[in-house]
Protein chains: 2
Amino acid sequence: MKAKSYSRQELIALLRRQGIAPTHQRLEIAHVLFSRCEHLAADQILALVNERHAETSKATVYNTLNLFRDCGLIREVIVDPKRVFYDPNTQPHHHLYNIDTGEITDIPAADLAISGLPDLPPGMVTEGIDIVVRVRTL
Amino acid sequence: MKAKSYSRQELIALLRRQGIAPTHQRLEIAHVLFSRCEHLAADQILALVNERHAETSKATVYNTLNLFRDCGLIREVIVDPKRVFYDPNTQPHHHLYNIDTGEITDIPAADLAISGLPDLPPGMVTEGIDIVVRVRTL
DNA sequence: GCCGCGGTTAGACAAAGTCCAATCTTTGAC
DNA sequence: GTCAAAGATTGGACTTTGTCTAACCGCGGC
Ligand SMILES: [Mn+2]
Ligand SMILES: [Mn+2]
Ligand SMILES: [Zn+2]
Ligand SMILES: [Zn+2]
């Protein structure tokens, strides 16, 4: 996943396409998420957004992350029981999780195959499959 | 995974084998975990253990779950950002997670294969691979 | 009976996240 | 451009999950 540098106009278009009003705070948060391609937790995003000049509250960060998630702009990564990480990469992919450092790395789903999954109980539909490879530094 | 009904003596032996002193509280918690084969959160275990007669504290439940986990008697399941579930099934297996009901079901690892995983960065060793199939009720 | 040690406990604490009512911004109609 | 309605933001209170601590309990060994 490339760390494309989105212009302000591109970010505005990105939000509008989802029917999201491009407020200053949402643009700042989108910028933090999409300019670097990392897996960030809410408190890290809050800190990054207010780095230069405090102007976005904790409530707005959480509101916005939930909004972006509901619109499919970002996804949640559940690997650490302590906090949720937000992933700007919404392509199907999986994760390598270093349990010592907490580092999360993408694993492309392209060349990966799972076989032998049992059939789903009737009336259920798959929402997604998440694979987490937990690694330790030797 | 069968819901074997362990006798008090079997539970005592199970704990002693791991060098764990079989106190009354630990036996109660072990009983709750191993007699039913579900994925329970700490607060559910606390409630079940104190169902008849309050005698085990929150601190002891958490102490004991962490102790059992460190000894490999149980494992944690990380699927819900809100709480950790404890799994008495320590065989390699995966999970089906119903995002609507919160229900967690085991998927045996036996007849399941993953191909195409990239090589690990040098100096890293795999601790485990967790697959979560997220399903929705149609 | 007393000691020592491991286990248990209530309650204080911490961190992640939600909620609320007051306030501020955005937006579109004019 | 003005303005009002709709929508967004905010500080701070609140909730939930989990940890920590210091006092206390209980049991085996002497
Ligand atoms: Mn700014
Ligand atoms: Mn009892
Ligand atoms: Zn990712
Ligand atoms: Zn399981």
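All values below come from the heavy atoms of this structure, side chains included, with hydrogens, waters and symmetry mates left out. Predicted, not measured: the structure shown is a model, and the values here were computed from it. By convention in this document, chain letters (A, B, ...) are assigned in the order of the sequence lines, proteins followed by strands, and residues within each chain are numbered from 1.
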Set of side chain to side chain donor-acceptor pair (under 3.5 Å) partners for B:Glu76, sequence neighbours left out: B:Arg69
Sugar-phosphate only, base, or nothing, as touched by A:Arg16 at under 4.0 Å among non-hydrogen atoms: sugar-phosphate
Residues clustered with A:Leu96, ILVMFWY side-chain links under 4.5 angstrom: A:Ile107, A:Leu112, A:Ile114, A:Leu117, A:Leu120, A:Met124, A:Ile129, A:Ile131, A:Val133, A:Val135, B:Leu96, B:Ile107, B:Leu112, B:Ile114, B:Leu117, B:Leu120, B:Met124, B:Ile129, B:Ile131, B:Val133, B:Val135
B:Arg134: partners by side chain to side chain contact (heavy atoms under 4.5 Å, CB included), with sequence neighbours left out: A:Glu127, A:Asp130, B:Tyr97, B:Ile99, B:Val132
Annotated protein contacts, base or backbone, on nucleotides 6-12 of chain D with a non-hydrogen cut-off under 4.0 Å, one of B, S, - each: --SSBB-
Phosphate OP1/OP2 of D:dG18: any B:Tyr62 side-chain N/O under 4.0 Å: yes
Opening and closing nucleotides of DNA chain C in contact with chain A, under 4.0 Å to non-hydrogen atoms: C:dA16 to C:dT27
hydrophobic_cluster_shared for A:Ile45 and A:Val84, side chain cutoff 4.5 Å: yes
Exercise: identify the closest heavy-atom pair between A:Leu27 and A:Pro22: CD1-O, 3.8 Å
Steps toward side chain to side chain contact (heavy atoms under 4.5 Å, CB included) verdict (A:Leu73, A:Leu15): CA-CA 9 Å; A:Leu73 282 177; A:Leu15 298 200; 3.9 Å; yes
Side-chain touch A:Phe34/A:Ile74, heavy atoms, less than 4.5 angstrom: yes
Parallel, tilted or perpendicular, as decided by the 30° and 60° cut-offs, for the rings of B:His93 and B:His39: tilted
From A:His31, A:His24, A:Gln25, residue fulfilling side chain to side chain donor-acceptor pair (under 3.5 Å) relative to A:Glu28: A:His24
Residue-level proximity of residues 75-82 of chain B to DNA chain D when a heavy atom falls under 4.0 Å: B:Lys82
Gap between atoms CG and P, on B:Leu40 and D:dT17 respectively (whole Å): 14 Å
A:Thr56 and its side-chain contact (heavy atoms from CB on, under 4.5 Å) partner, picked from A:Val32, A:Asn50, A:Thr23: A:Asn50
